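Here is the structure we will look at, set down as structure tokens.
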Amino acid sequence: MANSISVDKLTSAQAAVELNRLNSLLGQANTDYHGNDAPKISDAEYDALKRRNQEIETRFPDLKLATSVSDQVGTPVSSGFGKVEHAVRMLSLSNAFDDDDIGEFDNRIRKFLRLSSDKIEYTAEPKIDGLSLSLRYENGVLVQATTRGDGSIGENVTKNAKTIKDIPHKIDNASDVLEVRGEVYMSHADFTALNERQAANEEKPFANPRNAAAGSLRQLDSTITASRPLLFFAYAWGEMSAPLSTTQIGFVQTLENYGFSINPLTKVCHGPGELISHYRQIEEQRALLGYDIDGVVYKVNDLQLQSKLGFRSTTPRWAIAHKFPAEIAHTWLEEIDIQVGRTGALSPVARLSPVTVGGVVVSNATLHNEDYILGKDSKGELIRDGRDIRAGDWVEVYRAGDVIPKIRDVDISKRKPESIPYIFPTTCPECNSPALREESDSVTRCTGGLICPAQAVQGLIHFVSRGAFDIDGLGAKQVEQFFDLGWVKEPVDIFTLQDRFGSGLQQLKNRDGWGATSADKLFKAIETRREISLNRLLFGLGIRHVGETTASLLATHYGSWTSLETAMDHAASLTGEYWDALLSIDGVGDVLARALVSTFADEKQRAVIDRLVAFLSIQDVVAKVPVDSNVVGKIVVFTGSLELMTRAEAKARAETLGAKVSGSVSKRTDIVVAGPGAGSKAKKAIELGVEILTEQQWLDLIEPSEA
Ligand code: IVH
């Protein structure tokens, strides 16, 4: 048998047979591992097959298959890793862009903590432009490394993380559980060398060190990760069975003692003035650091204060990222195109002569809306001194962080005499329906609704997106493909796809990028999503103004699809008990409520929803286990101007303690917290005999020990 012969003894005929065999085995192993999450051979066996395949290809380059698996591993594989739920969510940071924002950050913290005179101690350290990673140590042994993913669920990249030299596999004297978090990044020198290698192998170069780091960490084959020199700075933590310190700086110093790299520019600063001067110093050194940073992160140093400050929905209150100013470049604007979005909004896009902005090649930039092109802001005030933007102009492009590049300015001196002003379309470029702009709105919208193919496709892309149905293997590209084929026109069609095409799989199999296995995998992924949480469904419906946070609010409030649907039907008249109840949800305003109710009341849209829902099993929202506090389950209304904390902070704190915050007073209200200037709500509370507390009384109630 050819497979038992050592590579240097193979004849060319044997080698050809052997390459076929190895490629089919490795292809199957890849599918089992990252397609089905069910590997059938060990990692060592996989590596051995892979090595043998490569050795034969090196000896007989002419026999290498056009579809060789050796060429497939160079690309990142998103679904190739097992999924891991983070014990403690991995959050992001809110951003600050100028010195004033830092003063406000410090003020917010003082207000929240009710501190007045002393300067608050902070740490300041570079914000590394890489990707975050959580390392779990149990009894001092590295057992799992997980990417951030969506913050709740990440990818298991343990094997790859172990190839990074800054990551200890064992730490001495560690507690039972310690999760160390930090940033994986690539140095400029290693990035340049890697791209030279990519070019030599005729492979695509990486756009920047961050992409290179991400692409390298997320390799199915950890030998590839090992060949890419990645680095790691530790700066935070997740689950911990015992605290490592009482301060942020003490924490990172302990990590350094454990063998982690911590950033040498980390410094303790007192108050905003010192923070800003450290920021300037880091900014001056930025170009010489040898790795990318995109700002400076400030964190409250005292960990007790950090825990008092707590978190907003996705960011901590005790930290902020002070970003460096946006990157700028100049280029020609070749054309202005219109893209039609999910809600029918016509968005102008500038097609640019490609230009590098802060290390990334940019060829498209947003132009926002009609007014922006004309040189006006949303209030009608002039921007760019009223200079309009036209095709053929020389423009200034900028980007900050990962946001979509924007056009900041235009150089009219370079404008050609024959240039003509841009005329914003009055019909939808996709379906020719009239495009209208309401007086109070800056956005022009297609009126085609369900007949507009662009709206339908964007709606479907939204439906399968991460925060919604998140169907593995069904991304924007596939949705467009299925839409163009006429196979999927509305969400329910996704769930009937298999019935309609399952037996005629051939049709799908022979299309671009589809094999029998990937089609089968897709059907399985769709099947698992028939069971869906109420908040994902609500978000997925793509109702205007209903983002992920609002969808969760609504799901928590109504608890089940049946009660939500009943409430929508009863609220359709925009008056009465159900309408009032909808408006009483804190975070739901009039505009959102109208959009929601009118979607359910619209015959065609409702039919689309009903057809979909018939195929789903919608999970009810399970009430959270009540926390132990004086206000668990109480319905609280905040009114008047709050002086000891902001409205948002008051709400967040109350909810953390198990209270439900409402926007209006009714018989069901338990407590009204009234600040100065409280008007009709306080009056109503008196009429209804609801308990009224001052802000201080409320704080004494929720923090009795500090009373
Ligand atoms: S602290 C609870 N410190 O920036 C949040 N993050 O924009 C803990 N990042 O997701 C994060 N350098 O990936 C922190 N020195 C640093 C950082 C840093 C880079 C990343 C991190 C985070 C993102 C937020």
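We count ligands from 1, going down the list as the structure has it; atoms in each ligand are counted the same way. Source: prediction; values computed, not measured.
Residues in residues 127-181 take part in these ring-ring contact (aromatic ring centres under 6.0 Å, His included) pairs, two or more places apart or across chains: Y137-F260.
There is no side-chain donor-acceptor pair under 3.5 Å between T163 and N160.
Expressed to the nearest 0.5 Å, how far NZ of K267 lies from OG of S277 amounts to 5.5 Å.
Every protein residue with a heavy atom nearer than 4.0 Å to ligand 1 is included here: L91, S92, L93, E125, P126, K127, I128, S132, R148, E183, Y235, V297, K299, P316.
For E239, the side chain to side chain contact (heavy atoms under 4.5 Å, CB included) partners two or more places apart in sequence, or in a different chain, are A87, V88, R136, V177, E179. Here R286 pairs with E327 under the salt bridge (Lys or Arg N to Asp or Glu O under 4.0 Å) rule; sequence neighbours left out.
Ring centers of F233 and Y185: under 6.0 Å apart, within the cut-off.
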